[in-house]
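Here the structure comes first, spelled out in structure tokens, and everything after it is commentary.
Since the model is a prediction, treat every value here as computed from it, not as a measurement. Computed over heavy atoms, backbone and side chain alike; hydrogens, waters and symmetry mates excluded. One is the number of the first residue; the rest follow in order along the sequence.
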Amino acid sequence: MASSSAASTDKSFMAYPSGGSSSTVSNSAMQPQAWEDQRKEARRLENALDVKLGQFAKLCSGYEQSYSRGESELATDQLMDSKAAELERLLSQLSDVNDGMRNALGGRNDTRAHTLTRHRDILHDYQQEFRRHNSSLGASRDRVQLLRGSTDKSPLLGGQGHNASGALLRERGQISGANAAVRCCSAMLTQLCI
């Protein structure tokens, strides 16, 4: 029994010649490979984001026209929401990959640090572009909401289901009438004071 425990001690010593653990040896050997895998994944995600952001931009710019063509509001909104969610997921994945690249770099300052900075800049640009398109989409949704026919009974609309532009025209007419009445009263007061 003593000889078998000595043999197992010899085997474990031979497996770790530096006296370290197997994870330390494998991590140092795998770090360049992990960096390359992360970098390739980052490039793949950046390419996918580039394509999908272009598609999202087209959809955002054509949002208002889809209503004028009579397309379903629900279907259009669901499509926009699903595209936005997909872009958010890809941006999150790219952020995670960038964090993995930072971890694989391990604080060393070599040429890979410049590459990591470039990938972070690209992520930041994509995030800004997504926010800009999403903001544009929100503004388009607001305009469509304002200009399409209102189905609720609003006190602004006189309790009738008229469209928003008609309500704005009526309100403009009322303001013009009030301004004319004020000018008339002002002219009468001026004549009385003279």
Side-chain angles (χ1 to χ4, degrees), residues 8 11-148 164:
S8 67
K11 287 180 185 174
S12 65
F13 179 76
M14 294 178 82
Y16 310 109
S18 65
S21 68
S22 65
S23 64
T24 305
V25 173
S26 66
N27 280 345
S28 65
M30 291 296 289
Q31 206 163 20
Q33 185 61 37
W35 168 265
E36 283 302 313
D37 291 343
Q38 295 284 343
R39 189 185 62 77
K40 287 177 185 175
E41 180 67 9
R43 291 296 303 148
R44 185 189 69 75
L45 288 169
E46 289 167 356
N47 290 335
L49 276 165
D50 191 38
V51 169
K52 295 200 181 289
L53 274 170
Q55 293 171 345
F56 189 65
K58 275 185 180 179
L59 287 173
C60 288
S61 66
Y63 184 80
E64 290 180 56
Q65 288 79 22
S66 68
Y67 285 106
S68 65
R69 290 189 303 261
E71 293 179 13
S72 167
E73 175 183 353
L74 182 61
T76 303
D77 284 343
Q78 285 177 344
L79 175 65
M80 298 304 282
D81 291 342
S82 70
K83 294 291 183 186
E86 183 179 11
L87 283 167
E88 287 172 345
R89 181 184 55 78
L90 287 171
L91 287 168
S92 175
Q93 286 177 348
L94 184 56
S95 179
D96 292 344
V97 168
N98 282 348
D99 291 342
M101 289 171 66
R102 185 190 67 228
N103 293 339
L105 191 59
R108 289 186 300 266
N109 196 7
D110 55 11
T111 58
R112 294 183 299 176
H114 174 71
T115 303
L116 176 59
T117 302
R118 181 65 187 132
H119 283 289
R120 284 184 175 169
D121 290 343
I122 290 170
L123 172 63
H124 180 72
D125 291 345
Y126 284 148
Q127 287 172 331
Q128 282 186 324
E129 186 176 351
F130 174 68
R131 277 189 228 112
R132 184 173 48 87
H133 291 310
N134 219 12
S135 174
S136 168
L137 175 62
S140 293
R141 282 180 171 167
D142 290 345
R143 279 191 299 275
V144 165
Q145 183 73 20
L146 178 66
L147 295 177
R148 79 170 170 203

Quiz prompt | Under-4.0 Å salt bridge between Asp99 and Arg102 | solution = yes

Item to complete: Could you check if a side-chain atom of Leu87 sits within less than 4.5 angstrom of a side-chain atom of Tyr126, using non-hydrogen atoms only?
Response: no

NZ (Lys52) and CG (Leu45) are apart, to the nearest 0.5 Å, by 11.5 Å

#### Entry: Any side-chain donor near an acceptor of the partner, Arg132 and Ser135, under 3.5 Å
no

_Before you tell me yes or no, could you show the steps for Glu129 and Asp125 under side chain to side chain contact (heavy atoms under 4.5 Å, CB included), namely the whole-Å CA-CA distance, both residues' side-chain angles and the distance that decides it to 0.1 Å?_
CA-CA 6 Å; Glu129 186 176 351; Asp125 291 345; over 6 Å; no

The salt bridge (charged side-chain N to carboxylate O under 4.0 Å, His left out) partners of Asp50 (sequence neighbours excluded) come to none

Across all chains, not counting sequence neighbours, the side chain to side chain contact (heavy atoms under 4.5 Å, CB included) partners of Leu59 are Leu79, Met80, Lys83

Between the NE2 atom in His119 and the CG atom in Asp121, the distance rounded to the nearest 0.5 Å is 10.5 Å

Mind checking whether Trp35 and Leu116 have side chains closer than 4.5 Å, heavy atoms only? yes

Nearest heavy-atom contact between Asn98 and Ala42 is OD1-CB, 4.5 Å

Taken to the nearest 0.5 Å, the spacing of Asp77 CG from Ser82 OG works out to 11.0 Å

In terms of heavy-atom contacts, Ser140 and Cys60 come closest through OG-O, 4.2 Å

For Asp81, is there an ion pair with Arg141 - N to carboxylate O distance below 4.0 angstrom? yes

Glu46 meets the salt bridge (charged side-chain N to carboxylate O under 4.0 Å, His left out) criterion, sequence neighbours left out, with Arg43

Heavy atoms of Ala84 and Phe130 approach each other most closely as O-CZ, 3.7 Å

Side chain proximity check, Arg120 to Leu123, heavy atoms < 4.5 angstrom:
no

Rounded to the nearest 0.5 angstrom, the CZ-CG distance for Arg131 and Leu91 is 8.5 Å

Between Ala113 and Leu105, the two heavy atoms sitting closest are CA-CD2, 3.8 Å

The reported gap from CD1 in Ile122 to NE2 in His124 (rounded to nearest 0.5 angstrom) is 12.5 Å

With a 4.5 Å cut-off on side-chain heavy atoms, are His133 and Leu137 touching?
no

d(Arg44 CZ, Arg39 CZ) to nearest 0.5 Å is 14.0 Å

query: How far apart are the C-alpha atoms of Arg112 and Thr115, what are their side-chain angles, what is the distance that settles it, and do they pass the side chain to side chain donor-acceptor pair (under 3.5 Å) test?
result: CA-CA 5 Å; Arg112 294 183 299 176; Thr115 303; over 6 Å; no

